[in-house]
Amino acid sequence: MPPVENTEVTNGQDRKYDYDLIVVGGGSGGLAASKRAAELGAKVAVFDFVKPTPIGTTWGLGGTCVNVGCVPKKLMHQGALLKAQIAEARSYGWNFGENESHVWENLVEKVQNHIGSQCFQFRVALRDKGATYYNAYATFVDKHTVKAVDKRGKETTHTAEKFLIAVGMRPNYPDIPGAKEYAITSDDIFSLAYPPGKTVVVGASYIALECGGFLKGLGFDVTVMVRSILLRGFDQECAERVGAYMEEEGVEFMRGFVPTKITQVEPGTPAKLKIEAKNLSTGETVELECNTVLFAIGRTACTQSLNLEAVGVKTNAKTHKIYVDQTEKSSVGNIFAIGDVIEGKLELTPVAVQAGQLLADRLFGGKKKLMDYVNVPTTVFTPLEYGCCGYSEEDAREKFGSDNIEVYHNLFQPLEWVVSERAGACYAKLVVKIDDDKVVGLHIIGPNAGEMTQGFALAMKLGATKEDFDDVVGIHPTNAEIMTLLNITKSSGTELVASGCGGGA
């Protein structure tokens, strides 16, 4: 589809609207689109305003990823990994004291300092590109006008020829007594001013498992309350392996339970809480005492207060996500949307960034390239990372037919674990179409899985076959080498036995 021509906005004093493009939402996708559009000569404004969480947490420009998502998560994940590495270092001849301890407040301070510097750089980058930033909450008046309200309550009106909605999502709370009064979400944990203590994580999403994983690694008692399955939407064999490893590391899982009430037993930092829960299958009820309850039960698109219905932008009544076509155009011709807020697409920061840049290129640069939402890699940063690209085994069998799918897989033991005699086994899987030998799913569970997956994603993008993987000479002794050596098929029923050096001798 050719780019939309800017026929209504003229330059200089004849300008019909205040801006060529107004971006509502200053997260990764919105910032990427606004900067690219400004580079291409468009007059751009960005409106971003963070509504505080129930306990008052707020943050600056940059959206979920840099403030309360990918960035602080990865830093705390690294902090947790260091504990295990210190223990393993003794096996490698390093001498440490016997009573190492972790200071939560120090980690939070360092993480928040980094986030603050990033937010400042975002503001500078917008200014340098010539885009205008408003720290104000924008809602639609009509398809060319928004009303903005800043933190002081000052109201202003702004017009644009085109709009981009990139407001992202925020965590859900269950409708139970005490949820918003006493619990927190991932929006709060990374800036929590005191150690969370004994924590109950409610949910089985990647956010739940990542938070539960790094909290356990940092030395806290962690229970994960799971309603049904782990990592819905991911390969379920891999999801269960991730969960099993977390259990081996001391995380307790409560399967089939949902919370019904939270009460405060004793105030404090942290407080003493009581969480009541019920098993959906058996009806069993339990009570747990803890210091922190962290909900990670899903997220909802932040579109409900944008007044979209008044301008005709269609959304999913359940998810509140915006319906868009292949060009990210909504049901209103001059209003577009990208990122987590669009229906049926991936909720990943790099996806929003690339989609935003490509959209700006089409709107203001005369280009035609569309966002490709297929074969996008991602990683779950659990204690043992899980990286994947393409289809899960279940989805591949459903889409291509079970008779047309073969799975090549094996366990492997990282060489680094041998000296310290570390327990556990890593896992690799290729999901392959039999009729053309094309690899349609890649899955790996092991240290630094994200780094490995990023590299193999290029092969997936280029349509690599199983033979292509087999023809690659592995780097020995690495964990990534296992992807070149997978020769055990699931259909053979052969028992998997972990070998060292990424599967090599």
> Parallel, tilted or perpendicular: which one describes the rings of Phe190 and Phe214, with boundaries at 30° and 60°?
tilted
> Mark yes when over 12 heavy atoms from residues, nucleotides or ligands other than Lys461 sit less than 6.0 Å from its NZ; otherwise mark no.
yes
> Sub-3.5 Å donor-acceptor pair from the side chain of Asn316 to the main-chain atoms of Lys321, do we have one?
no
> Please tell me if the side chains of Gln236 and Ser392 come closer than 4.5 Å, counting only heavy atoms from C-beta onward.
no
> For the atom pair CD (Gln78) and CG (Leu75), what is the distance rounded to the nearest 0.5 Å?
8.5 Å
> Provide the closest heavy-atom pair for His320 versus Thr300 in the form atom of the first, atom of the second, distance.
CD2-CG2, 3.6 Å
> Can you see which heavy atom on Pro196 is nearest to which on Thr292, and at what distance?
O-OG1, 2.7 Å
> In this structure, are over 12 heavy atoms from other groups packed under 6.0 Å from Ile229 atom CD1?
yes
> So, Glu249 and Lys216, do they make that salt bridge, N to O below 4.0 Å?
no
> Between Glu467 and Lys438, does at least one N-O distance fall below 4.0 Å, as a salt bridge requires?
no
> Going through the distances and angles, do Val286 and Leu288 end up as a side chain to side chain contact (heavy atoms under 4.5 Å, CB included)?
CA-CA 7 Å; Val286 296; Leu288 292 83; 3.8 Å; yes
> Could you check whether any side-chain N or O of Arg362 sits under 3.5 Å from a backbone N or O of Lys369, counting only pairs where one atom can act as donor and the other as acceptor?
yes
> For the residue pair Tyr391 and Phe400, is the inter-centroid distance of their aromatic rings smaller than 6.0 Å?
yes
> Are the side chain of Glu276 and the backbone N or O of Lys261 linked by a donor-acceptor pair below 3.5 Å?
no
> For the atom pair CD (Gln354) and CG (Leu348), what is the distance rounded to the nearest 0.5 Å?
12.0 Å
> With a 4.5 Å cut-off on side-chain heavy atoms, are Val222 and Val201 touching?
yes
> Indicate yes or no: at least one non-hydrogen side-chain atom of Leu218 is less than 4.5 angstrom from one of Lys83.
no
> What distance separates Leu81 CG from Asn448 CG, expressed to the nearest 0.5 Å?
8.5 Å
> Under a 3.5 Å threshold, yes or no: a donor from one side chain and an acceptor from the other, between Ser91 and Glu421?
no
> Are Lys278 and Glu284 ion-paired here, with the side-chain N under 4.0 Å from a carboxylate O?
no
> Check Thr260 against Pro177 and note the closest heavy-atom contact, atom names and distance.
O-CD, 3.4 Å
> Would you call Lys274 and Glu289 a salt bridge, using N to O less than 4.0 angstrom?
no
> Run the side chain to side chain contact (heavy atoms under 4.5 Å, CB included) test on Thr303 and Val341 for me, step by step, so that the C-alpha distance in whole Å, both residues' side-chain angles and the decisive distance to 0.1 Å come before the verdict.
CA-CA 8 Å; Thr303 60; Val341 80; 3.2 Å; yes
> May I ask you to check if Lys466 and Tyr408 form a cation-pi contact, with NZ or CZ under 6.0 angstrom from the six-membered ring centre and within 45° of the axis?
yes
> When you measure from the centre of the six-membered ring of Tyr323, is the NZ or CZ of Lys314 closer than 6.0 Å and no more than 45° off the axis?
no
> If you count heavy atoms of other groups shown closer than 6.0 angstrom to CG of Asp175, is the number above 12?
no
> Is the distance between the ring centroids of Phe381 and His77 under 6.0 Å?
yes
> If we only count heavy atoms from C-beta on, is the Phe295 to Ser186 side-chain gap below 4.5 Å?
no
> Would you say the side chain of Val242 lies within less than 4.5 Å of the side chain of Leu230, judging by non-hydrogen atoms?
no
> Would you say Thr315's side chain and Ile322's backbone share a donor-acceptor pair under 3.5 angstrom?
no
> Is the count of non-hydrogen atoms from other residues, nucleotides or ligands lying under 6.0 Å from Gln121 atom CD greater than 12?
yes
> Under 4.0 Å between a Lys/Arg side-chain N and an Asp/Glu carboxylate O for Arg255 and Glu247?
no
> Which heavy atom of Ala459 sits nearest a heavy atom of Phe469, and at what distance?
CB-CZ, 4.3 Å
> Hey, is Lys490 close enough to Glu393 for a salt bridge, meaning N to O under 4.0 Å?
yes
> Report the C-alpha separation of Ile275 and Glu287 in whole Å, then their side-chain angles, then the decisive distance to 0.1 Å, and conclude whether the side chain to side chain contact (heavy atoms under 4.5 Å, CB included) test is met.
CA-CA 6 Å; Ile275 180 170; Glu287 294 182 357; over 6 Å; no
> Supply the atom-to-atom distance Cys119 SG to Leu61 CG, rounded to the nearest 0.5 angstrom.
6.5 Å
> Is the backbone of Gly256 close enough, under 3.5 Å, to the side chain of Ser281 for a donor and an acceptor to pair up by distance?
no
> As an exercise, state the distance from CG of Leu215 to CG of Asp221, rounded to the nearest 0.5 Å.
11.0 Å
> Just one of Thr327, Val351, Leu359, Ile338 clears the side chain to side chain contact (heavy atoms under 4.5 Å, CB included) bar with Met371, so which one?
Val351
> Can you confirm whether the side chains of Thr53 and Asp187 place a donor and an acceptor under 3.5 Å from each other?
no
> Any side-chain heavy atom of Leu192 sitting closer than 4.5 Å to one from Trp104?
yes
> Salt-bridge test for Arg397 and Glu406: reply yes if a basic N is under 4.0 Å from a carboxylate O, no otherwise.
no
> When you look at Trp59 and Val50, which way does the side chain to side chain contact (heavy atoms under 4.5 Å, CB included) test go after all the steps?
CA-CA 7 Å; Trp59 51 89; Val50 179; 3.5 Å; yes
> Counting distance only, does the side-chain N/O of Asn404 pair as donor-acceptor with the main-chain N or O of Asp435 below 3.5 Å?
yes
> Any Lys/Arg nitrogen of Arg299 or Asp340 sitting under 4.0 Å from an Asp/Glu carboxylate oxygen of the other?
no
> Heavy atoms only: give me the nearest Pro383-Met246 pair and the separation to one decimal.
CD-CG, 3.9 Å
> Kindly check if the number of other-residue, nucleotide or ligand heavy atoms within 6.0 Å of CD (Glu394) is above 12?
yes
> Work out which heavy atom in Ile184 is nearest to a heavy atom in Ile55; give both atom names and the distance.
CG2-CD1, 3.9 Å
> For Thr223, is there any backbone N or O sitting under 3.5 Å from a side-chain donor or acceptor partner on Glu252?
no
> Name the residue from Ile482, Asn479, Thr379, Thr478 that meets the side chain to side chain contact (heavy atoms under 4.5 Å, CB included) definition with Met452.
Asn479
> If I take atom CD1 from residue Ile445 and atom CZ from residue Phe412, how far apart are they, to the nearest 0.5 angstrom?
8.5 Å
> Counting N and O atoms only, with roles assigned by atom type, does the side chain of Asp188 sit under 3.5 Å from a partner on the main chain of Thr185, one being a donor and the other an acceptor?
yes
> Could you tell me if the side chain of Thr378 sits less than 4.5 Å from the side chain of Cys388, heavy atoms only?
yes
> Would you say Ser330's side chain and Ile335's backbone share a donor-acceptor pair under 3.5 angstrom?
yes
> Would you say the side chain of Leu209 lies within less than 4.5 Å of the side chain of Leu231, judging by non-hydrogen atoms?
yes
